[in-house]
Each structure stands twice: as structure tokens, then as C-alpha cells.
Amino acid sequence: MAQSLRHPMTGNRMDPSAEQGGHGFEAHEYDVVVIGAGGAGLRAAIAAKDAGARVAIVCKSLLGKAHTVMAEGGIAAAMGNAYPDDNWEVHFRDTMRGGKMLNNWRMAQLHAQESPERVIELEEWGALFDRTEDGLISQRDFGGHRYARLAHVGDRTGLEMIRTLQQRAVALDIDVFMECTVTEVFTESGRGGSRVSGAFGYWRETGRFVVFKAPSVVLATGGIGKSYQVTSNSWEYTGDGHALALRAGASLINMEFVQFHPTGMVWPPSVKGILVTESVRGDGGALKNSEGNRFMFDYIPEYFKAETADSVEEAEGWYADKKNNRRPPELLPRDEVARAINSEIKAGRGSPHGGVFLDIASRRDAEFIRRRLPSMYHQFKELADVDITTDPMEVGPTCHYVMGGVEVNADTEQSSVTGLFAAGEVAGGMHGSNRLGGNSLSDLLVFGRRAGHSAAYHAFRTADSKPALVDDDVRAAADHAVAPFSVEGAIENPYTIQKDLQDLMQRLVGIIRTGEELTESLAEIDKLKERAKYLTVEGHRQYNPGWHLALDIPNMLLVSECIAKAALEREESRGGHTRDDYPGPDPAWGARNLALTWNDSAGSIELKRQPLPEMPDELKPLFEDRS
Amino acid sequence: MGYDLNLRVWRGDSSGGELGDYTVEVEEGEVVLDAIHRLQATQTGDLAVRWNCKAGKCGSCSAEVNGRPRLMCMTRLADFDEAETITVTPMRSFPVIRDLVTDVSFNYEKAKQVPAFAPTPRDADGKRRMQQADVERGQEFRKCIECFLCQNTCHVVRDHEENKPAFAGPRLFLRYAELDMHPLDTNDRRKLSQEAAGLGMCNITKCCSEVCPENIKITDNAIIPMKERVADRKYDPLVWLGSKIRRRTDREEV
């Protein structure tokens, strides 16, 4: 094929003869279209390609820039390199308990069983993990994990993972549509419900539209954190996949559970929310309040008492001797630590800039800190003028991760819409009400691969009865996308709406929630939805961030409404959902999920309670007390 | 503590453009990217700029600040005098798409030409063993965040479009070196890096190392050792003899 017929950015074919149907836009046909090029998307695309499918990756940013690069600590996998006693059953148990037993047990099981092989596979593709003395992959301690189990590269594990997967995808010659945003997943109504027929998007570079015809679409779009003011998430985290799935007819579960990472930077204001890795605590860092107390000892919940040190002496002993000492309370699951920090700050025992102190300087030598935490050292030095080898860091909670997402079959990652798959943060169930650190990168690999395989096989099975794209649907999607340029009476700035949404989510749907505030938040979101009808966009379609944001805002609003609705409904506190008016866990709620669906004719979100899938008897003994 | 910053930003596209003057309110502790974002949110909604992590980890917001190639998210306003005008222009070695966004596809094309990692088989227990000291050399290169500032700075291609077809650039030399030094790789890419990737065109002025936001010693630790290994292969009489008597080498030439 002539060079001139390739896209300048991506090298993808732009053969005019490939255009088809009556819609007149650039068109491509694939077996599998993967939306998102983070860990899950890349792993899914690799799996689908390995299975023999024609695969495209479509991503909003340049390849290799996805949010996975921000992951620092490591990939949780019970390889047993550091502690031979570690195995999938222990990892499974830790994951379920960390999620306060609300996890989809089958996902948690598959995850624990398959993650070791997924990590070794990365090594096969060129990843260079840190090593143990005998040359195996090193494993580090993290909150909620019984044994040191995170495969890591200093504190830049996410970068290593994305680069490895990116280079593998390039080696397999997978087509990548970079800086291309998907705004619509098409479905075709058929027997037994609707099925996927393709997707629609725009090139950010040119503003031109592009149509994908495909029987399988894998959502790997990450999370929703950009709806909050203080977040570790990048601009891309606007809940696109969540919203695409809802509108295509799939359901979302566990949306009330949002993880606030306990340690984000708090100063200077410009960097507020940027992640400070949990590895700081795993490698010996202690949390202290303004009085110099290690306050976490005052916040050990009943649920984790048996496995948590109750004295400084025991906690200190644990780093060297894990058999005879219990873990320091700084390494409780993230929801517990975030709430404790929040309480200390509210009680007036915070640091000068409204956080608490995270001290590793007085506890480990400078050489150790620089070797184990190079990017933290760099980040604080460059952005906050703090030398973490001599001074404590100031940290506070930051919106980090959404446990909720598309409800999928645990084995195939298919949603209730045939041909629509989801993997990674955009999928729900795996982490229950709270995710353990390190379980995200392994989740991306395990379920990314499964989703890719399932998507490929689905495409092969439907080879004789391919779903058709409807030209009218394509044209409607195009009309919808350019609408912000020609709204009558448009006066609203998209950046202002986004900021107002972030303020309200932070204020009313944050770490600690009440029924009253959640009700208020829904009314506020309604007002924003009304205002969002009058978004004004200046300029033209070529690389126009204002327009891009205007198209993201409806997704952010839809997902925010899901979070607030589910949070109002769940009248208990569990994991990443804390209700001041219902402070404890409720066993009845512990047996239910909340599922949200989009009612297209009514134009509203519907919520229903459904029973949690029940764990089979043979797994139950793992949870009998044996501390 | 905030002040009004005089900001000059290049605006335009492939057909041309000009510097625009703006005044933006900024706060203590902010970086250039904050100022650009505030400009975008309050005055120029369609100002094109790439960014993702805003923490120096993704390498998206590369530009030239007062002529110096930098990540905008890691360039603090406190490093400039409050009265100074800060000028932000797109990377010069790549074609402009719009405003501060450039077409960096050159780098992705060059990356496609690197033959993939090809490891030895696993150990009998299904695992692999490497010593920490051996992986650390490659790990330094894998810190690369692909901001492409080194590519932008390298005088072989800066203002020398004609050299691009034959020259992969410092970013890719890192990649060749990383694979060459990987304890488990079985390919020999020395000939390729010298001939197709243009390693020989580099005359080690170290501009790339100077602008690297990850402080990777690109020239000292990757390019020079690669040049030496290429030279070994070309001129070492033992290697020459070895190749004549068909002694099996560890790595296969690609």
C-alpha cells in the first residue's frame, strides 16, 4: 500500500476505498476494537491478536501515555519469591477481605491464580523487574497483603508495564489509532437482546470522524477520577467507558465505592492530589500527626485487629521478622488509612498545609530511599522543594480509583450486551468495596488478557452473521459530536462546568458522606446537566481541547450521577463508601450489589438491588479465623 | 502571593502562526503547565496542548520554554523572575499540528524498526534469573518517559529534516543499548544500530543528556558504549577470525 495512504500520526491505513456504507466517513473493519491503551487495553489487544483476530487499539492520548504509567508500587502476584508460603489462596483471601467480602469471588479467584504467570510473561517481553538475591523477581510489601508480593521496578512499575506492553503490541504490528476519542458504541438489536456492531470516534488532531465496524468491542478506558477536585488521575479519566457501556445497554455495579488513596501530595496547590506511592509505607514510612504521634495505632478496626500490630515495638519488628510480628497499622487497607488521616486533619492535628506527615527520612538511610523510591525523591524535590531523605512529606487523601464499573461475566469479561467486553478499572466486581494496592496492575493483565481472548472468539463465532452498522446511527453520532459548535444561546464554558462538577463531587460525594448531602448532590448534578446543554465551544475542529472537553462532560455527569445515586441508596459504611449517618457495616447490605442501568426512553438512570454471587463452599474455609 | 504572569505562547498550525501575548494570574508553587491551563480555561478555550499526568511521569507536555526544551509540568514558575515574560513554543524538530502540539509520529515510526526482544528459554522451574546488577544498566534506559525532548534537541535532526530517514535519534539509541545489554536477549543489533539507525551520525555532543528530564546519561551510558561495541565487532581481529571460522556467537545478528 502506498505510503501516502497512511495516517501521518499512526501509520494506519486511510485508503479511501475502505470507506463504506452511506455515511461517508473514514471507515475501518476489525474483529476486535479495543478502546483504551493502558495496561488492560494493551493486554487485551495482544491476547486478541495472539488468538488470530484483526485488532485495533483506539486511544485518547499518544501510545504509552495512558494512566497506567502513573502506577508506582507494583504488580501483586503470589509468586512466592520472597515468601515461599505465599500462594493464590492467601492472595485471594487478602483481596476478598480488603474488599470487605463484596468482591465477585470468581474474579478474585481468577485474579489470584493467574497473576503470577502474567508477570512472568511481561519478563518474556522485555520487562526488567528488580531482583531478589537469587536472581528472581523481587517482591515488596504493600497494605493489606499478608506477604511481600508486589513485583516492582523501583517506584515506576506502571511505566515499565506500559512500555513492555506497548513494545509487545508494536512487535505484533497491532494497528493503533492514537489521539482518537470514541464517543459512541453502536449496537444492533437482534435475537436475545442487542449486540455490538461497532464504534464511532473523532481524530483529535483533525477533528475528522472515524467509524469502526466490529462485532467485539473491549472497553479499557480506566476510571472517573477527573470528576473530583483532588485526584491523582489525569484528564483522560472522564468515565468514558462507563458511560459508553451504560448507553449501549450494559449495567454498572459497585459505583458507590470510590477509593481515596490515603497519600497524595497536598502542597504546593499546583500538585495537590498527585500520588505518593504506598511503597513509602511498605518500605518503612510512618504516618504522624502534628503532635508527632503514629496515630494509625488509634484506628485499627475490629475486623483487622488479629493481624495488625498494636504496639510500635511489634510494628518495627515486622519489617525484619514477619513470622513473629504483625503488620504495622500504616499498612491497613487504603480505605482505613484514608479515613484515619481524614479524622486526624478534622481533629486539628494536621500538618501546616492540611495533610499529615509521612516520614521515611528518620527511619531509613538516604541511599535506601533514593534506590527504592527514586521517582518519589525526584517528585518532591522538583515540585515541592522537599528532600524526602531529610524531611517528612505532607500527604492527604486523593481520589484515586473507582471500584465500580461494568458488570461482566467473571470468566469472559463480557457485559450483558453481546460483544461488549470490559477490563481493568472500567470493569466492576473484582475489588468489591475497596481495592488493595498492587491489585490494579495485576487486574489489568489478568482480565485484559481474558477480555481479549473472549472478544476474539466472539468475533470468530459471529463471522457468518456479522452485525451491520446502521448509517442513520452513524450520522446521528456525527451530528451529536458537532452539536456543541452550534448550540443556540450557548453561554456555558466547558472548563467552568467541569470545575463546578469537581467542586460538588469533592464536597458532597467525597470520603465521608451523608444522606442529606447526597440528595443535595443529585439536585446539583441535575442543574449542571441543564447548564451543560448550553456549552459553548470556540474555534474549529482541529485539535480543540475545549470541544473535546465539551464531549467528555456528559460522560462525567452521567457517571457522577451513578456514584451519587448508589451512594445514597447504600445505607451502611463499607470499604470506599462511608456514611456518617450509617457508620457501621450491615450484613444485609454485605450480600447485595447495586446495579445501575440507563433507561433510554425515560432518559434516566435506574437502580436495582441484586444478590451478590455466592462463594462455593470449598472456598469458605479460607476465611475461617486462623490468625 | 499570586501575581500576573506575562506569558507569550505560539499559536498557529502547519500553515504558520505567531506568538500571542497574554496575562495570566498565577499562584505560588505553580508550574508553566498550570499557567497554560489557566489560560486555556479562561481566555483561549481552544488552545491546543498535550498533557496527561502533570507529574513528570508520562512525557506528554514537552515544549520549549524560553527556547529551552522542557516538560511544562516540571518547569516551576519560581525559577523565573516574576517580571520576566515566559515564552512557550512547540518542539522545533517536529511538524506543528496546532499551537503547542506537534506531530511526533517520527518517533513511533523509528520504534517500529527496532527488532523485538527475543529471550532465551525459561529455567526448568518456569522462572527466569537475572542479577540485580545486570538489570540495572537496562533499567536506567527504561526510565525513559518518551517525552522526545532528546529527539527534539539532537542537532543531527534539529533543522536537518533531511537526516531523519537515516537517523533514529537518542531515544532509540537508548532502546538499542537496552536490548543489547539485556542479560537474556539473543539478538545482535549492533550492525543495525550502526547502519539503519544511524548511530555513527552521532558525534556525542551530549545535548540529549542535558535535556533529559529523567537524568538518563544517554550519551555516556548508552550511546558511547554502543559505539564501542559496534567498533569491537567491526575491528576486533578475534571477532573477525571468529566469524570466519563460524564459531557460534551468543547472539544472532538481525
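Note that the coordinates shown come from a computational prediction; the quantities given were computed from them, not determined experimentally. These numbers come from the heavy atoms of this one structure, side chains and all, not from hydrogens, waters or symmetry mates.
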Check whether [X] gets within reach of chain B through its side chain, its backbone, both or neither, counting any heavy atom under 4.5 Å.
{"X": "A:Ile274", "answer": "side chain"}
{"X": "A:Glu538", "answer": "both"}
{"X": "A:Tyr237", "answer": "neither"}
{"X": "A:Gln166", "answer": "side chain"}

Greatest number of heavy atom pairs closer than 4.5 Å to chain A - which of [options]:
{"options": "B:Pro95, B:Ala78, B:Cys144, B:Gly126", "result": "B:Cys144"}
{"options": "B:Gly138, B:Ala116, B:Gly59", "result": "B:Gly59"}
{"options": "B:Lys127, B:Gln131, B:Arg76", "result": "B:Arg76"}

SB check [X] [Y] (cutoff 4.0 Å):
{"X": "B:Lys57", "Y": "A:Glu72", "result": "yes"}
{"X": "B:Arg122", "Y": "A:Glu117", "result": "yes"}
{"X": "B:Glu146", "Y": "A:Arg163", "result": "yes"}
{"X": "B:Arg98", "Y": "A:Glu205", "result": "no"}

Original post:
Quick one: what part of B:Asn52 sits under 4.5 Å from any heavy atom of chain A, side chain, backbone, both or neither?
Top reply: both
Original post:
Side chain, backbone, both or neither: which part of B:Thr44 has a non-hydrogen atom closer than 4.5 Å to chain A?
Top reply: backbone
Original post:
Between B:Lys143 and A:Ser375, does any side-chain donor sit less than 3.5 Å from a side-chain acceptor?
Top reply: no
**OP:** Would you please say whether a donor-acceptor pair under 3.5 Å links the side chains of B:Gln139 and A:Asp130?
**Re:** yes
Original post:
Rounded to the nearest 0.5 Å, how far apart are CD1 of B:Ile145 and NZ of A:Lys65?
Top reply: 6.5 Å
Subject >> Nearest heavy atoms of A:Tyr495 and B:Gly45, plus distance in Å >> reply: OH-O, 2.9 Å
